[in-house]
Amino acid sequence: MDTIHNGVSADELPGAVWRKSSYSGAVGNCVELSWFDGQAGVRNSRDPHGPVLVVPTRELLSFVVGARERSA
């Protein structure tokens with residue numbers, strides 16, 4: 001795959017290593033993250049073959065830091 005675009009199927013990212021947050025519960029309603037080529041992928045853990053939200057890594061990290069600061 002030459003370009004990774006938003007909405008791509010997770011199946012089209014064979015080298016992606018998906019990680020679930022350690023804060024995730026046993027119910028299964030969580031997201032998984034993967035990092036590739038300066039981008040971050042976010043997918044629904046209940047639909048591992050479904051679409052992936054693809055954003056620049058720096059944007060996702062900025063979002064996480066902001067969310068953490070607001071919850072403190």
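It should be emphasised that the depicted structure is a prediction, and the values quoted were computed from it without experimental measurement.
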Applying the 4.5 Å side-chain criterion to the ILVMFWY set and letting contacts propagate, would [X] and [Y] be lumped into a single cluster?
| X | Y | result |
| --- | --- | --- |
| Leu53 | Trp35 | yes |
| Val31 | Val52 | no |
| Trp18 | Val8 | yes |

Backbone N or O of Gly66 within a donor-acceptor pair of the Arg70 side chain at under 3.5 Å? yes
Counting N and O atoms only, with roles assigned by atom type, does the side chain of Arg43 sit under 3.5 Å from a partner on the main chain of Pro48, one being a donor and the other an acceptor? yes
Acceptor/donor pairs from residues 56-63 side chains to any protein atom, 3.5 angstrom cut, sequence neighbours excluded:
from	atom 1	to	atom 2	distance (Å)
Thr57	OG1	Gly38	O	3.2
Thr57	OG1	Gln39	N	3.2
Thr57	OG1	Gln39	O	3.3

Give me the atom names and distance for the closest heavy-atom approach of Asn6 to Val54. OD1-N, 2.9 Å
Give, for atom SG of Cys30 and atom NZ of Lys20, the distance between the pair rounded to the nearest 0.5 Å. 4.5 Å
Once you round to the nearest 0.5 Å, how far does CG of Asp37 lie from CD1 of Ile4? 5.0 Å
Just jot down the side-chain hydrogen bond (donor to acceptor under 3.5 Å, both in side chains) partners of Asp11, sequence neighbours excluded, or say none. His49
The side chain to side chain contact (heavy atoms under 4.5 Å, CB included) partners of Asp47 (sequence neighbours excluded) come to Asn44, Pro51
